[in-house]
Amino acid sequence: MTKKIAVIDGNSLMHRAYHAVPPTMNAPDGTPTNAVFGFLAMLLKFIDMAKPDALVCAFDAGKPAFRMEALEQYKAQRPPMDDELRVQFPIMEELLGAMNVPVVKVKGWEGDDILGTIAARDEELGFETLLVTGDKDAYQLASGATRIVTTKKGVTDIAIYGPDQVEERYGVTPAQFPDFLGLMGDSSDNIPGVPGIGAKGAAKLLQRFGTMEGIYEHLSELKGKQLENLRDNEDAAFLSRDIATIVRDLDFALDLEDAAFPSFSAEAVEEAFGRYQLTSHLARVLKLVGAEATRAEARLVWEPVVAGEAAGPLVADALRAGETVGVALMEPEQVSLFDNAVTGAFATSRGTAVLAGDEALALFAQVVREGSFAVLDAKEAVHRVFPADTSLPALVTADDLAAMDAFDLGLAGYVLNSSVSAYTLEALMEAHGGGALPEAEGDEARAAVAAAAARHLVEPLRAAMEREGSLKAYRDIDLPLVGVLATMERTGAAIDVERLAEMGRAAQAELDELSQRIFELAGEPFNIDSPKQLARILFEVLGLTPLKKNQRGYSTDASVLKELAKESELPALVLRYREQAKLKSTYLDALPRMRAGDGRVHTRFNETVTTTGRLSSSDPNLQNIPVRTELGRRIRACFVPLEPGELFLSADYSQIELRLLAHLSGDEHLVAAFNSGADFHASTAARVFGLPVEEVTPELRSRAKAVNFGIVYGQQAYGLSQSLDIPFGEAKEMIDRYFEAYPGVRSYLDDTVARAAEDGFAETMFGRKRHIPELKARNAQQRGFGERTAMNHPMQGSAADIIKMAMNEVDRRLREEGLAAKLMIQVHDELDFSVPEGEVERLAALVREVMENVVSLAVPLDVDVSWGPTWAEAH
DNA sequence: TCAACCTGCAA
DNA sequence: TATTGCAGGTTGA
């Protein structure tokens, strides 16, 4: 079989990869690796498809001397290469070296010329050549033995061109290709060519006359503008052809007869790939030589595995010695009949204890009470011995949780990078543990490996947090909150099921009636819940005018329906239908279904979901219970205190994000407005519209309020004009006047974006960072998004830090002072409690004091506290 | 059964 | 072309 040699145009592939792969990945030292990653993805895909016998990679070296001599402006207007790309070339060369792929660089020449030279030598030797490049100049090199490989779109969609495919696509043969390029020119390389002649024209001329010489010999057969252009630009045409002609006889040493791929050592590749955290490609590369990654197994010791009676003492000894025990509590692979069929593993310096069921849970409870332990998700683990259902017994107390010494690996991963979609042991091992999590067979082995990994990860994660300055957010804010949240989740929230059911029946009756009237107006029955069917009725049957599009057709969202309601009754009815249907399905029907054994709903407060540091709530989400409409407030009235004789108490920060804007920006007028204690939005209106406060109308105040809120999210004039339903120009003027009135805000926001662009992250007052790779995006829309999140993160995130600190302190004080009140719910700037009637004044004072004083700012933190028989009345 | 999409609830 | 979330319904694979 003929030897098949693949030659890669390294510069071309690096550029493609750099632009195709988002800049979200880095080497441990922070150097971007997206181009390297994409390069490897393309290379591996190509190797799989083409199975070359040997691989060579060419890179440009120095300036292309010969072409610059011939044409001074050659590639002159090309912008200089991004630094983020430039720094990836040495990495790529290093990796190619580890893969034993020869790298050829010839000073003064471009990759194409190296490709051409190698192809020529191959043809001499009788070898077959594949040239991998994105540069169309290379098509001139196609021949019976040489084919061109290009990526079509993305990174891994590949097309292969032989002479026939070149001719089919461009209408010229490879031999004619330099003439073709010479006639066309190339604006991106500053090659002039002949004006007025593009790809079509050049191909047509060459089909007729064969070569550039042929064309100029037969100029008399041409006419008009084309003749004129060809005659006036003869020199440019030939010069352009010279420049586009690839040189095929460069002088460099390369042993093609002995070249072979793959011929690398697995150790060298593993070492090099590991150094740049490119583990996702590592396995595929190693597989080429039939090797597997040695991974971290060597350093991850979980044996001996100790079961039975020796397990408890092994762990107890480790705890006594002050060791941090790695813990994993896992569901069995086979679903069991028993609820507590958990497998528990406890990794110590002298082996791993593995137990099942109640024995595992009892040992874990002991670890929680007495020891120091590390686990992927401490709150979830704790729920095994402190269930989120008060009708189930708990093996530890809330006080135990407040005192426990846990290391939460997921939380550590979160404060280091809050934009990861899930924090798994696998990912943490890849990123911080020095290699992949070893695979294991069977429940016991899996649990043992996971426990050992948990123990193994403590030090690298602690070191990373220390290095990144994230230790404070972890140790002082997020970690202590784990016990508080576990306790809140166990406490749950009480709902009035009778009332929900009654409202559900009423809503159903209203929905039936609305449906009837909607069908009558439509002239036929249809599924009102289906936006598609509704769109057909609105825009085809009724002939209303579509106002907005979405991916699947015309939008029927509330803003559209509201507009259409001005001229037709049906959309108005659909709006009412939607409100009822939404509230019924999401709350009235769903909440009673979510009750646990104690009749309460136990939401999960997730601490590692949001990018800003806020909590999120799910199953059910108690952070989006309605409040704005009358029906919404009646749903809130179904949330009641936990016990008879108790009240529902709610405490919320007033405008905390705007106060943080005042504090962070230091704008004197904003700070003064908050310190004066006057109506903040009215005072904004007065400053922005240049009026005395007494003359601010409700309309003006509400506009000022919208601007205030918009500023927090980085809203632009367009967005404001939409939200206030005013002309763009008016919105623009309002925002301009706002920034004139508060010049400190303007400069603060500008500085924040500039710093985030420089650092690659934005951070909160307490060091919680959000990495924002979008700030480096070339796409303006993405970059705009990055800028808005850079502005928003310090406000939204600092507010989240502050209320978390307040929760930790409130929890501590409630236990210290022996109050019976229970913290049930957090809604971003609000804390909700169930409190015995006799304790309510004391709780109110305590909560206010803690929330207002948990941090000291340039402006006061105001807290509104109120209570009543239900959540609705506690406002 | 699942994922993508549309829609809409909260701070 | 205003940030952060969760969830229910429909649709189509």
Side-chain angles (χ1 to χ4, degrees), chain A residues 418-419 526-535 548-561 574-575 577-591 593-594 603-629 631-633 635-636 652-658 661 706-724 728 731-732 735 762 770 772 780-797 799-800 803 825-831 871:
Chain A
S418 59
S419 32
F526 65 99
N527 185 348
I528 308 170
D529 292 331
S530 161
K532 190 178 163 187
Q533 294 183 39
L534 177 60
K548 205 157 102 176
K549 282 191 169 193
N550 57 36
Q551 283 188 46
R552 291 193 175 172
Y554 294 123
S555 170
T556 64
D557 70 18
S559 70
V560 171
L561 294 179
V574 172
L575 277 169
Y577 176 95
R578 282 246 176 103
E579 188 196 356
Q580 298 280 334
K582 166 82 180 178
L583 297 181
K584 179 170 188 288
S585 65
T586 309
Y587 305 104
L588 300 176
D589 294 348
L591 285 172
R593 279 203 308 267
M594 311 283 297
T603 187
R604 290 161 47 188
F605 287 109
N606 202 304
E607 226 184 328
T608 60
V609 166
T610 73
T611 46
T612 55
R614 277 187 175 184
L615 301 179
S616 83
S617 157
S618 61
D619 308 298
N621 180 359
L622 293 189
Q623 292 180 323
N624 73 342
I625 302 301
V627 70
R628 290 175 193 182
T629 64
L631 178 57
R633 280 188 292 276
I635 291 173
R636 263 195 188 212
D652 69 288
Y653 281 114
S654 161
Q655 298 149 339
I656 184 167
E657 290 178 4
L658 282 169
L661 176 62
V707 181
N708 276 327
F709 279 107
I711 293 294
V712 173
Y713 303 129
Q715 189 182 45
Q716 315 277 319
Y718 176 87
L720 183 67
S721 73
Q722 291 296 299
S723 66
L724 283 182
F728 177 87
K732 169 113 175 44
I735 291 179
R770 172 175 181 177
I772 311 180
Q781 195 177 335
Q782 276 184 42
R783 211 168 47 244
F785 173 76
E787 288 164 2
R788 291 193 296 277
T789 54
M791 291 187 254
N792 177 256
H793 178 82
M795 293 179 264
Q796 190 177 125
I803 195 161
I825 301 172
Q826 186 251 42
V827 195
H828 309 308
D829 62 2
E830 163 185 336
L831 298 179
W871 199 356

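Below, chain A is the first sequence line, B the second, and so on; all start at residue 1. Atoms considered below: every heavy atom in the structure, side chains included; atoms not considered: hydrogens, waters and symmetry mates.
Side-chain atoms of A/Thr629 and A/Glu579 form a donor-acceptor pair, as typed in the model, at a separation below 3.5 Å. Checked by atom type, the side-chain pair A/Arg770/A/Ser418 shows no donor-acceptor distance below 3.5 Å. Between the side chains of A/Asp652 and A/Ser654, not a single donor N or O lies within less than 3.5 Å of an accepting N or O. A/Ser617 and A/Thr603 share a side-chain donor-acceptor pair at under 3.5 Å. No side-chain donor-acceptor contact under 3.5 Å links A/Ser555 and A/Lys549.
Phosphate contact (OP1/OP2 of C/dT1, side-chain N/O of A/Arg788, threshold under 4.0 Å): absent. Close to B/dC5, at under 4.0 Å from its OP1 or OP2, lies a side-chain N or O of A/Gln551. Phosphate contact (OP1/OP2 of C/dG8, side-chain N/O of A/Asn621, threshold under 4.0 Å): absent. Remark: A/Ser616 is in phosphate contact with C/dC6, judged by side-chain N or O atoms under 4.0 Å from OP1 or OP2. Between A/Thr556 and B/dT7 there is a side-chain N or O to OP1 or OP2 distance below 4.0 Å.
Using a 4.0 Å heavy-atom distance criterion, A/Ala558 is classed as a sugar-phosphate-only contact. At a threshold of 4.0 angstrom between heavy atoms, the contacts of A/Leu622 with the nucleic acid are absent. At the heavy-atom level, A/Arg604 lies nowhere under 4.0 Å from the strands shown. Residue contacts shown for A/Arg614 include a base, since a base heavy atom lies under 4.0 Å away. Residue contacts shown for A/Arg628 include a base, since a base heavy atom lies under 4.0 Å away. Contacts of A/Asp652 with the nucleic acid, taken as non-hydrogen atoms under 4.0 Å apart, are absent. At the heavy-atom level, A/Asn624 lies under 4.0 Å from base atoms of the strands shown. In this structure, A/Glu830 reaches neither bases nor backbone, as no heavy-atom distance under 4.0 Å exists between it and the strands shown. Contact annotation for A/Tyr653: no contact, since no heavy-atom pair falls under 4.0 Å across all strands.
Residues A/Leu622 and A/Trp871 approach most closely at O-CH2, 3.7 Å, considering heavy atoms. Nearest heavy-atom pair across A/Leu720 and A/Ala731 is CD2-O, 3.8 Å. Closest heavy-atom contact between A/Phe728 and A/Tyr718: CE1-N, 3.5 Å.
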Using nucleotides 11-13 of chain C, report all nitrogen or oxygen pairs with the protein that are shorter than 3.5 Å.
residue : atom : partner  : partner atom : Å
C/dT11  : OP1  : A/Ser530 : OG           : 2.7
C/dT11  : OP1  : A/Gln533 : NE2          : 3.4
C/dG12  : OP1  : A/Lys532 : NZ           : 3.1

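Side chain of A/Val609, nearest nucleotide from C/dT10, C/dA7, C/dC6: C/dC6. Ranking B/dA11, C/dG8, B/dA10 by closeness to the A/Pro626 side chain, first place goes to B/dA10. Relative to the side chain of A/Glu579, the nucleotides C/dT4, C/dG8, B/dC9 differ in distance, and B/dC9 lies closest. If you check B/dC9, C/dT1, C/dC6 against the side chain of A/Gln781, the one that comes closest is C/dT1.
Remark: P of B/dG8 and CD of A/Gln623 are 22 Å apart, rounded to the nearest angstrom. Taking atom CG of A/Asp557 as the reference point, atom P of B/dC5 lies 17 Å away to the nearest angstrom. The CD-P distance, from A/Glu787 to C/dA2, rounds to 13 Å in whole Å. Atom CD1 in A/Ile528 sits about 20 Å away from atom P in C/dG8, given to the nearest Å. The CZ-P distance, from A/Arg593 to C/dA7, rounds to 12 Å in whole Å. If you take CD of A/Glu657 and P of C/dT4, they are 12 Å apart, rounded to a whole angstrom. Whole-Å rounding puts the A/Asp619 CG to C/dG5 P distance at 16 Å. Between the CE atom of A/Met594 and the P atom of C/dC6 there is a distance of 13 Å, rounded to whole Å.
Contacts between residues 708-723 of chain A and DNA chain B, defined by a heavy-atom separation below 4.0 Å, involve no residue at all.
You won't find any donor-acceptor pair under 3.5 Å spanning the side chain of A/Gln796 and the base of C/dT4, going by distance alone.
With a 6.0 Å radius and a threshold of 12 heavy atoms from other residues, nucleotides or ligands, A/Tyr577 has its OH atom above the threshold. Counting non-hydrogen atoms of neighbouring residues, nucleotides and ligands closer than 6.0 angstrom, the CZ atom of A/Arg578 exceeds 12 such neighbours.
A 4.5 Å side-chain heavy-atom check between A/Asn606 and A/Leu615 finds every atom pair outside the cut-off.
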